[in-house]
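Numbering of ligands and ligand atoms starts at 1, following listing order.
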Amino acid sequence: MITVSENNIFALTNSYFSYVFRVSPEGILEHLHYGGSLRDPLKVATHHLRTQREVATNFQGGPYFSLSDTPQEYPSFGTSDFRFPALHGRNSDGNTVFSLHYKKHKIVTDKPRLKKLPSARGGDSETLIVTLEDVLHKLEVELHYTIYQDYGVLVRSTKLKNKGDKEIQLQHAFSSALDLPPQDYEILHLHGTWSREFNEERIDVPKGRFVVDSARGTSSAAHNPFIAIVQKGATEEHGRVHATTLMYSGNFALSVEKGEFEDVRLLAGINPYNFHWRLKPGKKFCTPEALHVYADKGLRSMSHIWHEFVRDKVSPERFRHKPRPTYLNTWEAAYFDVDETKVLHLADKAKDIGVDMLVLDDGWFEGRRDDTSSLGDWTADKKRFPSGIPALAAKVKAKGLKFGIWFEPEMVNPKSQLFKNHPDWILHVPGRKPSLGRNQLTLDLSRPEVIDYLYGQIDNILSCGDIDYVKWDMNRNMTEVGSAGLPKNRQREVSHRYMIGLYDLLKRLTKKYPDILFENCASGGNRFDLGMLSFMAQNWTSDMCDPIGRLEIINGCSYLFPLDVTAAYIGPSPNHQNGRKSSIDTRFNAGAFCAARGISLNETDIEENKDQLQNLMQFAKNSAEDMVGGRFDRLIKTDTEVCWQYTTRDETKVYLAYFHILAAPNLPFRRARMVGLNPNADYTLVEDGVRYAGDALMQSGMPLPYVATGQVNENVRYMAKGDFSSYLFVFEKVAQ
Ligand code: GLA
């Protein structure tokens with residue numbers, strides 16, 4: 001996988017891609033190729049054209065060589081490259097000029113894990129570590145590149161070491177830099193807000209700099225930490241794609257810069273905005289991992305690569321390919337109005353309709369009757385839960401159900417015992433009134449004593465042994481980010497130290513409770529990233545539970561995430577987020593390919609729809625095994641239609657979900673061209689036993705149901721009349 005030539009050309013190659021760079025005669029790491037797999041990667045044209053440009057600034061006096069048009073592996077500022085650099089800092093002389101030259105390299109087969117930050121698992125991989133050095137200021141920069149035998153993902157990270165005897169101040173330390181050659185590119189990225197996460201935007205790469213980032217303390221729904229630079233016009237099936245994400249849950253930046261010579265630089269890492277790190281002599285700073293995918297058959301092939309990797313190398317191994325329980329969540333069933341009797345009633349209802357798990361959401365802890373109080377005091381409310389959570393959990397389990405519970409550990413309400421006892425445990429800056437979000441403040445997770453307190457509180461409840469699932473919520477962005485635990489000249493380290501503290505807490509808890517299924521939530525998808533997923537097998541994708549609102553969200557989310565890591569439930573209609581009315585079927589179908597499926601309905605709604613819910617939960621239970629480890633494909637997405645295919649891991653079953661958003665008269669007859677089937681096999685449609693040939697389903701397509709508007713004809717497969725119809729096909733492959 002990794003070869004190094006005598007004259008220091010480095011080539012990382014597997015069947016998915018080749019990544020090649022070299023040490024230039026000047027000692028600079030010069031990027032040569034990141035794209036399709038090369039037969040002999042060392043034969044790639046060994047250097048970028050060199051010419052004496054007009055008004056060029058020649059790098060350190062050498063002729064015909066300017067860094068401003070040289071693709072590099074880890075560019076810094078101040079020595080003839082004027083673009084946004086990967087490294088920027090202040091050295092002991094007070095200036096910001098660093099010059100990194102090749103020093104040495106090594107190859108290791110055990111992928112090194114980052115100590116304080118999450119990292120992708122290794123296995124069948126090789127890691128190239130190239131050390132660069134600024135000789136003057138004794139700064140060593142280790143670039144790590146991991147390539148896997150069987151995955152199309154390249155993992156990069158950077159370690160900076162101060163080997164001198166004077167402090168260095170880091171202002172940017174990106175995880176990776178990628179200089180792509182001039183071509184016609186577009187950017188695909190995912191933006192949004194609460195209940196409208198993962199909207200897709202496609203734009204031409206502009207001249208200048210385009211950045212998606214977060215300065216909110218969480219990776220955020222405003223811009224998911226994902227970007228794809230795609231060949232202009234790339235579709236699901238065609239076109240070259242370079243996509244990047246980060247294994248990080250805090251302030252990040254993905255910066256795309258089209259320079260004066262039209263090459264495109266992608267920087268990925270911690271957001272340099274409002275970041276600053278004092279690197280004392282002898283100390284190291286590790287960046288988060290940046291993950292890169294190259295795919296040459298369009299967005300579908302990109303998603304397949306991400307999905308396999310996230311499943312196999314990021315999300316907790318214990319839950320890989322493990323069917324998820326169906327569940328009833330109390331949130332939209334009762335909101336804060338929960339007590340032991342009500343929860344036990346709901347548990348009976350859940351049992352009646354065949355649900356596997358009861359999840360007690362917000363509202364169970366001391367004094368919590370609305371969102372104005374009690375976060376931080378993680379003991380059961382004495383009046384409403386007199387026998388406590390462990391006893392309630394045991395009662396629910398005695399009914400033959402699993403039991404799950406909600407926490408929002410990183411937060412505190414001013415109205416709480418915790419705040420009374422420790423007012424300085426919040427993120428705050430001296431002399432300024434802290435801004436509230438949902439009536440709450442953020443705890444200062446950069447302080448070890450806060451981490452220990454939270455660990456103790458949560459451990460107290462989990463140690464009863466009857467908790468199967470935890471929903472870990474986080475419902476505000478961070479403001480007045482400062483810490484009473486750090487000196488003045490380290491205040492800009494707080495956001496990153498917060499993440500280190502959070503990861504430490506999660507590591508300790510998930511290590512002690514490896515069998516508890518943790519679900520990550522931040523008002524839905526406000527912190528849906530690989531960093532959180534490396535501790536938690538599941539993510540609550542969005543609070544948007546209207547199925548039509550959810551279609552866009554799932555579609556966007558699926559560019560990067562396998563639906564194995566997502567959950568969806570049937571919520572009330574009219575929907576509480578946007579007021580839309582929809583059928584139970586469509587509410588189920590929108591989340592049909594998410595691994596975790598359930599309901600959040602009150603007793604009356606459950607009673608009124610009991611038979612249908614029973615059938616759907618039975619279907620969810622029967623297909624739970626299918627919905628992990630399979631292949632998800634986006635087939636159609638327009639303003640009026642969405643069609644997705646899901647093929648099980650053993651490829652014996654294929655599901656097709658079709659949504660028709662607004663009804664209209666005289667619609668065309670549509671087909672869905674299915675993908676990835678065996679052309680030589682037949683597939684039986686379960687509902688009527690009709691056999692279809694695999695090649696025909698792919699080449700000619702599956703006729704889609706028609707929205708009934710007029711007279712119904714027996715030969716036509718109809719969908720429900722009116723808006724927001726949907727249809728779910730199940731095919732079984734005929735054994736050959
Ligand atoms: C957030 C979550 C919801 C629910 C509430 C509880 O909004 O996204 O699912 O848990 O908090 O307060």
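By the 4.0 Å N-to-carboxylate-O rule, E308 lies too far from K313 to be salt-bridged with it.
Checking only distances, W331 never comes within under 3.5 Å of ligand 1, N or O to N or O. Considering backbone and side-chain N/O of N475, one or more are found under 3.5 Å from N/O of ligand 1. For W406, a nitrogen or oxygen atom sits less than 3.5 Å from a nitrogen or oxygen atom of ligand 1, counting backbone and side chain alike.
In the vicinity of G524, heavy-atom distances shorter than 4.0 Å reach the ligand 1 atoms 8 (O). In summary, the atoms of ligand 1 found under 4.0 Å from a heavy atom of W540, numbered by their order in the structure, are 8 (O), 9 (O).
Contact annotation for K471 and ligand 1: only side-chain heavy atoms (C-beta onward) come within less than 4.0 Å of the ligand. Here D371 has no heavy atoms under 4.0 Å from ligand 1, in either its backbone or its side chain. Contact annotation: for C521 versus ligand 1, heavy atoms closer than 4.0 Å belong to the side chain alone. With a 4.0 Å cut-off on non-hydrogen atoms, R438 touches ligand 1 through its side chain and not its backbone.
Residues H307 and L560 approach most closely at CD2-O, 3.5 Å, considering heavy atoms. The nearest pair of heavy atoms linking F561 to D529 is CZ-CA, 4.0 Å.
At most 12 non-hydrogen atoms from other residues, nucleotides or ligands lie less than 6.0 angstrom from NZ of K581. Under a cut-off of 6.0 angstrom, the local environment of CZ in R476 is crowded, with over 12 non-hydrogen atoms contributed by other residues, nucleotides or ligands.
Nearest to atom 10 (O) of ligand 1 among the protein's heavy atoms is D361 OD1, 2.7 Å.
Tested against E340, the residues K395, H345, R384 include a single side-chain hydrogen bond (donor to acceptor under 3.5 Å, both in side chains) partner, K395.
Remark: R369 fails to qualify as a cation-pi partner of W364 under the 6.0 Å distance and 45° angle criteria applied to the six-membered ring. Taking the ring axis of F336 as reference, the NZ or CZ atom of R368 does not stay both within 45° of it and closer than 6.0 Å to the ring centre.
Distances from atom 8 (O) of ligand 1 to the heavy atoms of D543, D362, D473, N526 show the closest one on D543.
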